[in-house]
Amino acid sequence: MPRAEFLPFARPVIGEEEIAEVVDTLRSGWITTGPKTKSFEGAFKEFLGAPGALALNSCTAGLHTALVTLGVGPGDEVITTPMTFAASVNVIEHVGARPVLVDVEEDTLNIDPVAIEAAVTSRTKVILPVHYAGHPVELDAVFEIAKTHGLAVLEDAAHALPAKYNGRTIGSGSNPAAFSFYATKNLTTGEGGMLTGNPEFLERARVVSLHGMSRDAWKRYAKGGSWFYEVIEPGYKYNMTDIQAALGLWQLRRLGDFQERRRAIVAAYNSAFGQHRTFEVPTERENVEHAWHLYVLRLNLEAITVDRDRFIDELAKRNIGASVHFIPIHLHPFYRDKYGFAPGDFPVAHKNYKRIVSLPLHPGLSEADVSHVIEAVTDVADTFSR
Ligand SMILES: *Cc1c(COP(=O)(O)O)cnc(C)c1O
């Protein structure tokens with residue numbers, strides 16, 4: 001029986017505790033960066049085992065702040081992946097540096113360390129890997145290249161909460177890593193982000209992220225705070241509010257349950273699609289723990305008479321929302337035209353772009369929702385079987 005109501009691709013799970021904590025913040029008289037942001041930073045740092053954490057108003061802000069703090073600017077190159085959201089690459093443009101895209105690995109669609117090595121020049125400053133869909137990048141190989149050539153590694157960990165690589169939690173290292181708390185992410189504060197890394201780096205990043213003001217400027221209206229501050233560089237306005245942190249504190253407490261539910265849904269999808277000739281299910285390598293932000297199903301286009309776009313339209317007709325992650329960076333007009341990219345320049349990214357479909361994967365999905373997704377996806381494949 002077809003589903004009566006549309007199932008959205010993503011939907012946040014917000015509990016009564018989050019709502020009460022936001023109301024408490026609103027009544028407290030302190031609504032922007034303050035005690036709750038500080039406590040969220042502490043809880044997040046502890047959760048990951050990170051050396052430090054800086055709460056910001058987005059992951060994009062975290063990536064930008066990190067590049068500025070690393071001193072990246074005009075003439076510098078940053079190596080990254082085309083299989084990402086535009087924000088990962090836009091921030092490289094914001095600091096005036098050149099994004100150098102390299103292709104991805106066939107199984108994980110993560111940046112290929114062999115391709116990174118081949119792209120290093122005397123101008124390379126940073127490697128910016130993205131843990132695509134929540135599957136960790138081959139970090140040992142990335143750090144080896146970074147060490148050899150004296151490069152910084154800035155991880156885009158927007159999808160990787162929580163994930164592990166060779167037993168190490170993503171974001172627990174001393175290099176900077178940026179997390180996202182956007183509405184669709186594994187933990188949400190509506191909009192928000194966190195930069196992790198070593199405390200000295202984050203102290204400088206904190207100044208960059210708040211107008212370039214020295215000292216803990218947010219304290220200046222609290223008792224014992226001083227009116228005095230000095231601007232030591234033209235910084236940005238990227239601080240998290242206590243209203244956001246109020247959500248984050250409870251979302252973090254729920255994260256374990258969220259992840260358990262995500263894994264159960266992934267298991268159901270894998271067992272439904274794993275043996276079907278039309279599908280290739282996502283990889284989880286032996287040495288990682290996947291954060292399962294996205295469930296990216298790949299279509300064997302030879303097995304069906306429709307393309308991916310039509311496949312998604314057919315799912316929508318069956319009241320199932322789906323999406324595509326991502327339109328590779330080199331296909332977007334700005335990057336295509338500025339750098340003269342052709343679609344086939346990153347063949348693995350391009351070939352897979354044409355056959356990926358992200359299915360709904362969020363902890364609020366009921367058993368019935370999951371069955372509806374499985375029925376609809378299977379029905380489209382069988383209806384248009386070649
Ligand atoms: C969501 C996302 C971002 C941006 O996160 P914001 O918090 O919205 O700024 C960056 N990179 C990737 C890979 C993302 O998916």
Side-chain angles (χ1 to χ4, degrees), residues 9-12 37 40-41 44 53-68 78-95 99 101-102 104 108-111 126-137 139 142 153-163 170-171 176-196 205 209 236-241 243-245 247-248 251-252 262 282 290-296 323-332 335 349 352-353 356 358 361-362:
F9 168 71
R11 194 171 193 282
T37 304
F40 183 40
E41 282 177 346
F44 195 83
L54 170 61
L56 298 167
N57 61 16
S58 71
C59 174
T60 308
L63 293 168
H64 185 208
T65 298
L67 288 177
V68 172
V78 178
I79 299 176
T80 191
T81 169
M83 286 303 273
T84 189
F85 182 59
S88 324
V89 190
N90 287 347
V91 293
I92 302 169
E93 294 286 332
H94 292 164
V95 297
L101 303 180
V102 303
V104 294
T108 59
L109 304 183
N110 269 328
I111 194 165
V126 178
I127 304 170
L128 199 166
V130 179
H131 303 292
Y132 175 81
H135 189 298
V137 164
L139 285 179
V142 170
V153 177
L154 167 58
E155 292 169 67
D156 180 334
H159 300 180
L161 181 68
I170 299 301
F179 292 86
S180 173
F181 309 136
Y182 180 66
T184 60
K185 298 286 161 51
N186 288 22
L187 179 162
T188 187
T189 59
E191 300 281 356
M194 192 77 79
L195 189 60
T196 59
S209 72
Y236 300 88
K237 184 66 192 335
Y238 284 160
N239 54 306
M240 177 177 277
T241 70
I243 302 170
Q244 293 169 305
L247 290 167
Q251 288 274 296
L252 189 60
R262 282 178 184 275
H290 201 310
W292 292 113
H293 170 56
L294 298 172
Y295 188 90
V296 180
S323 193
V324 174
H325 297 85
F326 292 96
I327 301 165
I329 297 298
H330 68 293
L331 301 184
H332 288 293
Y335 291 101
N352 281 286
Y353 162 59
I356 49 180
S358 303
L361 175 61
H362 44 94

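Numbering of ligands and ligand atoms starts at 1, following listing order.
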Q. With His293, which residues qualify under side chain to side chain donor-acceptor pair (under 3.5 Å), at least two apart?
A. Asn186
Q: If the plane angle is over 60° it's perpendicular, under 30° parallel, otherwise tilted; pick one for His135 and His290.
A: perpendicular
(Q) Measuring centre to centre across the rings, with the benzene-like ring taken for any Trp, is Phe44 within less than 6.0 Å of Phe181? (A) yes
Using a 3.5 Å cut-off on N/O to N/O, what pairs does ligand 1 make with the protein? A line per pair would be great.
{"residue": "ligand 1", "atom": "5 (O)", "partner": "Ser180", "partner atom": "OG", "Å": "3.2"}
{"residue": "ligand 1", "atom": "7 (O)", "partner": "Cys59", "partner atom": "N", "Å": "2.9"}
{"residue": "ligand 1", "atom": "7 (O)", "partner": "Ser180", "partner atom": "OG", "Å": "2.7"}
{"residue": "ligand 1", "atom": "9 (O)", "partner": "Cys59", "partner atom": "N", "Å": "3.3"}
{"residue": "ligand 1", "atom": "9 (O)", "partner": "Thr60", "partner atom": "N", "Å": "2.9"}
{"residue": "ligand 1", "atom": "9 (O)", "partner": "Thr60", "partner atom": "OG1", "Å": "2.5"}
{"residue": "ligand 1", "atom": "11 (N)", "partner": "Asp156", "partner atom": "OD1", "Å": "3.4"}
{"residue": "ligand 1", "atom": "11 (N)", "partner": "Asp156", "partner atom": "OD2", "Å": "2.7"}
{"residue": "ligand 1", "atom": "15 (O)", "partner": "His159", "partner atom": "NE2", "Å": "2.6"}
{"residue": "ligand 1", "atom": "15 (O)", "partner": "Lys185", "partner atom": "NZ", "Å": "3.2"}

(Q) Among residues at least two apart in sequence or on other chains, which ones pass ring-ring contact (aromatic ring centres under 6.0 Å, His included) with His325? (A) Phe9
Q: Output all residues satisfying ring-ring contact (aromatic ring centres under 6.0 Å, His included) with His330, sequence neighbours left out; order by chain, then residue number.
A: Phe346
Q | Heavy-atom neighbours of Tyr335 OH exceed 12 at 6.0 Å | A | yes
